Amino acid sequence: MAAAFSCPVFLPSTFSYNGNRYHGRIKIKINATSSTKVKTLNEIAGAGKGSSSLATSTEIGHLSQEQIRQRIPTRKQLVDPYRQGLIIERGVGYRQTVVVRSYEVGPYKTATLESLLNLFQETALNHVWMSGLLSNGFGATHGMVRNNLIWVVSRMQVQVDHYPIWGEVLEIDTWVGASGKNGMRRDWLIRSQATGITYARATSTWVMMNEKTRRLSKMPEEVRDEISPWFIDKRAINEDVPEKIVKLDDNARYVNSDLKPKRSDLDMNHHVNNVKYVRWMLETIPDKFLESHQLSGIVLEYRRECGSSDRVQSLCQPDEDETLTNGVEQSLLKNMILTPGIMEGNGYLGPLDVKSYGYTHLLQIKGDSKNEEIVRGRTRWRKKLSTLPYSS
């Protein structure tokens, strides 16, 4: 006669509801006998015919090794335990919880702008991943792949109130919306999980390019039908009139003509990733200025892509002196960007008597007969603050 036994098992559990995160333990009681046969996870998953979420041996025969390893969903997912992601905003937005890694911070143990841009890109791709629309392209849907189309960013704006510190847990929200007839807007918010303070916000505009001809394309109706149900009429940055960026010439104060893309700078679409452009821009600013100032905003206008064989020149011009005193703008220039921390009070910026600095940027491909613009940029800076943003 087989001996009977009972074994309690405790499993950690984390879930979110209405924007709140809860932690706890789930208790499972296992009753069995010494003759009980233990099934593997695959056997359990395949116990019900037609209900298995794992690929059968027949299905695996039609899948490539890459598809098997990636496990790209074929239908909408609500939770992604591997990436700490979940669908929000009535089923169309995306939130991901991340930890600031040691390789994402600079010498002051705060996340770099490049790290934030990489997080924006990663969460955007994971959003498409969970939608069930992702094909084998770099964020491309099934309809886009059928039409040889890829996404390219045409404009991006980032505002940073505070930079996250090493080891900090962040929540990143992202969503999409319509931008004209043939474009798509994607926005982001980064907040501290511990305090709820919003650290950074960003908005971007994306258009489609034919992967073979490298020319911009209209949005096919089948692609519009795929992505439009995910659109939200919500903005992370309210920008009534986009800031106009002037084109610099060879008379710019700072010029770096020794830039050459590396193979490691190329992304899956075989062009230089836009994060690399930002690095080139910032490295053209004098080191002495970078040591004592912190970037609070950047606007980028992309003109064309850059390949691995191109010779790139970075130009940079500082603005005339401008000061923000007692919350009142006193500027010789137009279109100064007021950071959201001042406008909304959701991030600590220190005293209001701060001095703001601006730079205009241009990256261009050096040609034998003429130069071609890659991206224009505007950056806004403030003195570095030592105070951490903790809510009172």
Side-chain angles (χ1 to χ4, degrees), residues 113-114 117 152-160 179-180 183 185 201-207 216 235 237-259 271-290 293-306 310-324 328-340 342-343 354-367 369-382:
L113 177 65
E114 292 178 50
L117 294 175
V152 291
V153 59
S154 62
R155 193 174 191 277
M156 189 165 194
Q157 179 179 353
V158 182
Q159 294 179 354
V160 185
S179 178
R185 191 192 73 252
R201 61 192 71 223
T203 186
S204 60
T205 304
W206 299 76
V207 293
L216 296 183
R235 296 180 183 272
I237 298 176
N238 292 318
E239 189 181 30
D240 296 331
V241 180
E243 182 179 12
K244 183 177 177 59
I245 304 177
V246 300
K247 181 182 179 181
L248 298 180
D249 54 28
D250 293 336
N251 295 320
R253 185 177 300 183
Y254 306 109
V255 179
N256 186 353
S257 301
D258 300 324
L259 301 173
H271 59 214
V272 176
N273 190 277
N274 63 83
V275 177
K276 180 65 177 181
Y277 297 153
V278 174
R279 181 185 304 175
W280 283 337
M281 286 182 173
L282 300 187
E283 288 178 349
T284 311
I285 297 176
D287 290 340
K288 186 176 181 180
F289 180 86
L290 295 177
H293 292 80
Q294 194 171 54
L295 188 144
S296 60
I298 185 169
V299 180
L300 301 167
E301 291 181 355
Y302 297 89
R303 305 289 170 147
R304 60 156 295 167
E305 61 181 337
C306 174
D310 293 324
R311 293 185 298 118
V312 179
Q313 183 183 58
S314 177
L315 296 86
C316 177
Q317 179 67 37
D319 292 346
E320 298 296 331
D321 184 60
E322 55 185 276
T323 306
L324 181 66
V328 180
E329 183 182 6
Q330 296 178 346
S331 176
L332 299 177
L333 301 175
K334 296 179 179 180
N335 299 324
M336 177 174 176
I337 302 173
L338 294 178
T339 57
I342 293 178
M343 301 302 291
V354 297
K355 196 171 186 178
S356 176
Y357 304 86
Y359 279 83
T360 300
H361 305 264
L362 174 66
L363 290 182
Q364 59 185 5
I365 297 175
K366 293 290 291 182
S369 58
K370 67 174 184 177
N371 301 327
E372 296 183 85
E373 290 184 75
I374 302 173
V375 58
R376 296 183 188 184
R378 285 278 299 152
T379 55
R380 185 69 53 181
W381 303 79
R382 62 172 179 264

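Just so you know, these numbers come straight off a predicted model, no measurement behind them.
- Of the inter-residue distances, the one linking Leu315 atom CG with His361 atom NE2 reads 11.0 Å to the nearest 0.5 angstrom.
- The aromatic rings of Tyr254 and Tyr359 sit tilted, their planes meeting at an angle between 30° and 60°.
- Between Lys370 and Glu372 there is no salt bridge, since none of the side-chain N atoms of the basic residue sits less than 4.0 Å from a carboxylate O of the acidic one.
- Taking all atoms of both residues into account, the shortest heavy-atom contact from Arg382 to Ser296 is NH1-CB, 2.9 Å.
- Here CD of Gln294 is found 15.0 Å from CZ of Arg380. Values are rounded to the nearest 0.5 Å.
- Nearest approach of Asn371 to Gly367, heavy atoms of both residues: OD1-N, 3.3 Å.
- Of the inter-residue distances, the one linking Glu301 atom CD with Thr205 atom OG1 reads 10.0 Å to the nearest 0.5 angstrom.
- With rounding to the nearest 0.5 angstrom, the CG atom of Asp250 is 9.5 Å from the CG atom of Leu362.
- For the side-chain contact (heavy atoms from CB on, under 4.5 Å) with Met156, the qualifying choice from Thr203, Leu117, Val375, Ile298 is Leu117, the only one to do so.
- Note: Tyr277 and Trp280 have tilted aromatic rings, judged against thresholds of 30 and 60 degrees for the angle between ring planes.
- Distance alone, capped at 3.5 Å, places no donor-acceptor pair between the Asp310 side chain and the Val312 backbone.
- In this structure, Asp249 places its CG atom where more than 12 heavy-atom neighbours from other residues, nucleotides or ligands lie under 6.0 Å away.
- Nearest approach of Leu282 to Leu290, heavy atoms of both residues: O-CD1, 3.5 Å.
- Note: Asn256 CG to Ile285 CD1 = 12.0 Å, rounded to the nearest 0.5 Å.
- Note that CD of Gln159 and CZ of Arg201 are 7.0 Å apart. Values are rounded to the nearest 0.5 Å.
- For Arg303 (side chain) and Glu373 (main-chain N/O), no donor-acceptor pair under 3.5 Å exists by modelled atom type.
- For Arg376 against Ile245, the heavy-atom pair with the smallest separation is NH1-O, 2.9 Å.
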